[in-house]
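The structure appears below as structure tokens.
Counting starts at 1 for both ligands and their atoms, in listed order. Bear in mind the structure is a predicted one, so any value in this text is a computation, not a measurement. Start at 1 with the first residue, then count along the sequence.
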Amino acid sequence: MPIPLHSLSHAVPDLVTAAIPNDERLWVPQATNVWFRPLLLDATGGSWVNLLRVRKTGVLSRHRHPAPVHGYVIKGSWRYLEHNWVAREGDYVFEPPGEVHTLVVENDAEMITLFHVFGALIYYGDQDQPLGHDDVHTKIEMCRRHFASVGLGEDYVTQFVR
Ligand code: FE
């Protein structure tokens, strides 16, 4: 007997949100003049989707991906020092697992890119020394702290978690 599709009750709730928010408080500070805006924090699958916003020039981080990353440039441009291409507005970028690269913004116009990051970002210094990492759980924690500090309450992040 076919299962009625509308009775598949274990699907997690869908999520629709203004990606670029009207409320500035949704941008979580990550470094000076660098923010991320959480869209989906997939604590079950171990990935996250966010907008990265940068309002400065220079090196942002040297990092390695143990799992894939997908990016879509909404505004501005950026590149990796290790590659000879520039990601510009409207470009799609696939970062394969194993990549080690140094993110740099050279144009002083605002940069906004949507990234879907699987697994983790592992940060390295210029001598290859590990400096730390981010994963969906550190991202959730950063959101909790920030949303609490701006008066939205730490549980505000829950709407983005699946
Ligand atoms: Fe990367």
| query | List-wise, which protein N, O or S atoms are found short of 2.8 Å from the Fe ion (ligand 1)? | reply | H63 NE2, H65 NE2, Y80 OH, E95 OE1, H101 NE2

| message | I want to know whether H116 and F118 have ring centres closer than 6.0 Å. | response |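 Ring centroids of H116 and F118 are less than 6.0 Å from each other.
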
| Parallel under 30°, tilted from 30 to 60°, perpendicular over 60°: which one fits the rings of F160 and Y156? |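 If you compare the ring of F160 with that of Y156, the planes turn out perpendicular.
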
| field | side-chain hydrogen bond (donor to acceptor under 3.5 Å, both in side chains) partners for D42, two or more places apart | value |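 Here no residue qualifies.
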
Could you give the side-chain donor-acceptor pairs of residues 59-69 under 3.5 Å, partners two or more places apart or in another chain?
{"residue": "S61", "atom": "OG", "partner": "H63", "partner atom": "ND1", "Å": "2.9"}
{"residue": "R62", "atom": "NH1", "partner": "G125", "partner atom": "O", "Å": "2.8"}
{"residue": "R62", "atom": "NH1", "partner": "D128", "partner atom": "OD1", "Å": "2.8"}
{"residue": "R62", "atom": "NH2", "partner": "D128", "partner atom": "OD1", "Å": "2.9"}
{"residue": "H63", "atom": "NE2", "partner": "H65", "partner atom": "NE2", "Å": "3.1"}
{"residue": "H63", "atom": "NE2", "partner": "H101", "partner atom": "NE2", "Å": "3.0"}
{"residue": "H65", "atom": "NE2", "partner": "E95", "partner atom": "OE1", "Å": "2.7"}
{"residue": "H65", "atom": "NE2", "partner": "H101", "partner atom": "NE2", "Å": "3.1"}

| field | Test item: E82 side-chain N/O and Y80 main-chain N/O as donor-acceptor pair under 3.5 Å | value | no

| remark: Those residues at least two apart in sequence (or on a different chain) that pass side-chain contact (heavy atoms from CB on, under 4.5 Å) with R145 are E141

